[in-house]
Amino acid sequence: MDLTLQCLRLETEGGELVASYPVSTGLNGPGENDGSGCTPRGEHYIRASIGAGLPVGTVFRARRPTGETYSSELARQHPGRDWILSRILWLCGREWGKNRGPGVDTFRRFIYIHGTPDSEPMGMPLSHGCVRMRNEDIIDLFDRVGPGTAVSIR
């Protein structure tokens, strides 16, 4: 994943491009510290995949579906809510002291790749540290990867 280009590239182990998706990462830029609102860099892996088979626009709170489906009416009822929709790929850092361990732990920071309302812009950093994607894109990615898949954020 390239933070400068705001682009997630899915590649084979040999480096062949399989798919490319626009994303939106941390408004506060790159960084690993707890509470920073930044997107952590370095080597990660997908620790958990959440939401298989659920409808597009499923709303999650604390990684659990709420029973709601995102709509503009629901958005009006909950202004300012950080919407986590459709699917969640929960990341875990691989680099002790950089993105894993006390004060910098990607997993404990609850950093995900997840869906967001399609009205939200892609290609610019606006998230609270997670990697936001269009709902159709996160579902496509979710169906191609799984726990253990390597994720490099640069």
Side-chain angles (χ1 to χ4, degrees), residues 1-34 36-66 68-70 81-101 104-154:
M1 183 172 339
D2 188 318
L3 297 176
T4 304
L5 297 176
Q6 295 291 290
C7 180
L8 186 152
R9 294 171 45 98
L10 178 61
E11 299 176 349
T12 65
E13 287 186 26
E16 276 186 59
L17 181 65
V18 175
S20 180
Y21 311 94
V23 298
S24 176
T25 60
L27 177 62
N28 294 340
E32 293 70 45
N33 292 329
D34 289 347
S36 66
C38 296
T39 300
R41 296 162 291 190
E43 301 307 313
H44 296 82
Y45 67 95
I46 296 170
R47 176 96 176 251
S49 299
I50 302 166
L54 294 174
V56 175
T58 294
V59 177
F60 292 90
R61 299 275 298 200
R63 296 158 309 283
R64 296 198 175 11
T66 64
E68 303 163 303
T69 300
Y70 181 84
R81 192 166 168 185
D82 184 22
W83 297 100
I84 298 174
L85 306 177
S86 299
R87 304 289 185 274
I88 298 170
L89 298 171
W90 193 353
L91 300 180
C92 186
R94 290 186 184 269
E95 299 172 84
W96 187 261
K98 179 177 181 178
N99 57 31
R100 188 170 186 156
V104 294
D105 201 283
T106 296
F107 186 73
R108 290 189 182 122
R109 288 180 59 203
F110 303 101
I111 299 295
Y112 317 133
I113 302 171
H114 66 80
T116 198
D118 289 333
S119 57
E120 289 294 308
M122 290 293 118
M124 61 181 63
L126 292 172
S127 82
H128 298 132
C130 287
V131 178
R132 295 177 177 173
M133 295 180 70
R134 296 261 176 258
N135 290 295
E136 295 296 333
D137 289 348
I138 186 62
I139 291 169
D140 181 67
L141 178 64
F142 186 96
D143 290 345
R144 295 172 184 250
V145 299
T149 301
V151 177
S152 182
I153 302 174
R154 308 242 175 268

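Between R108 and D34 the shortest side-chain heavy-atom distance does not fall below 4.5 Å. You'll find the side chain of M122 reaches within 4.5 Å of the side chain of T116, heavy atoms only.
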Exercise. Run the side chain to side chain contact (heavy atoms under 4.5 Å, CB included) check on S36 and R109 step by step: do they pass?
Worked result: CA-CA 10 Å; S36 66; R109 288 180 59 203; 3.4 Å; yes
Exercise. Going through the checks in order, is the side chain to side chain contact (heavy atoms under 4.5 Å, CB included) test met by D140 and Y21?
Worked result: CA-CA 10 Å; D140 181 67; Y21 311 94; 2.5 Å; yes
Exercise. Run the side chain to side chain contact (heavy atoms under 4.5 Å, CB included) check on I111 and T39 step by step: do they pass?
Worked result: CA-CA 8 Å; I111 299 295; T39 300; 5.6 Å; no
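Without hydrogens or angle criteria, S24 side chain to L126 main chain gives a donor-acceptor distance under 3.5 Å. For the pair T66 (side chain) and F60 (backbone), a donor-acceptor distance under 3.5 Å is absent.
Side-chain contact annotation: Y70 with N135, donor-acceptor N/O pair under 3.5 Å absent.
Listed here is the closest heavy atom pair of F107 and W90: O-NE1, 3.2 Å. Closest approach of R94 to N99, counting heavy atoms only: N-OD1, 3.1 Å.
Once rounded to the nearest 0.5 Å, the distance linking OG1 of T25 with CZ of R132 reads 10.0 Å. In this structure, CG on D143 lies 9.5 Å from CD1 on I138, to the nearest 0.5 angstrom.
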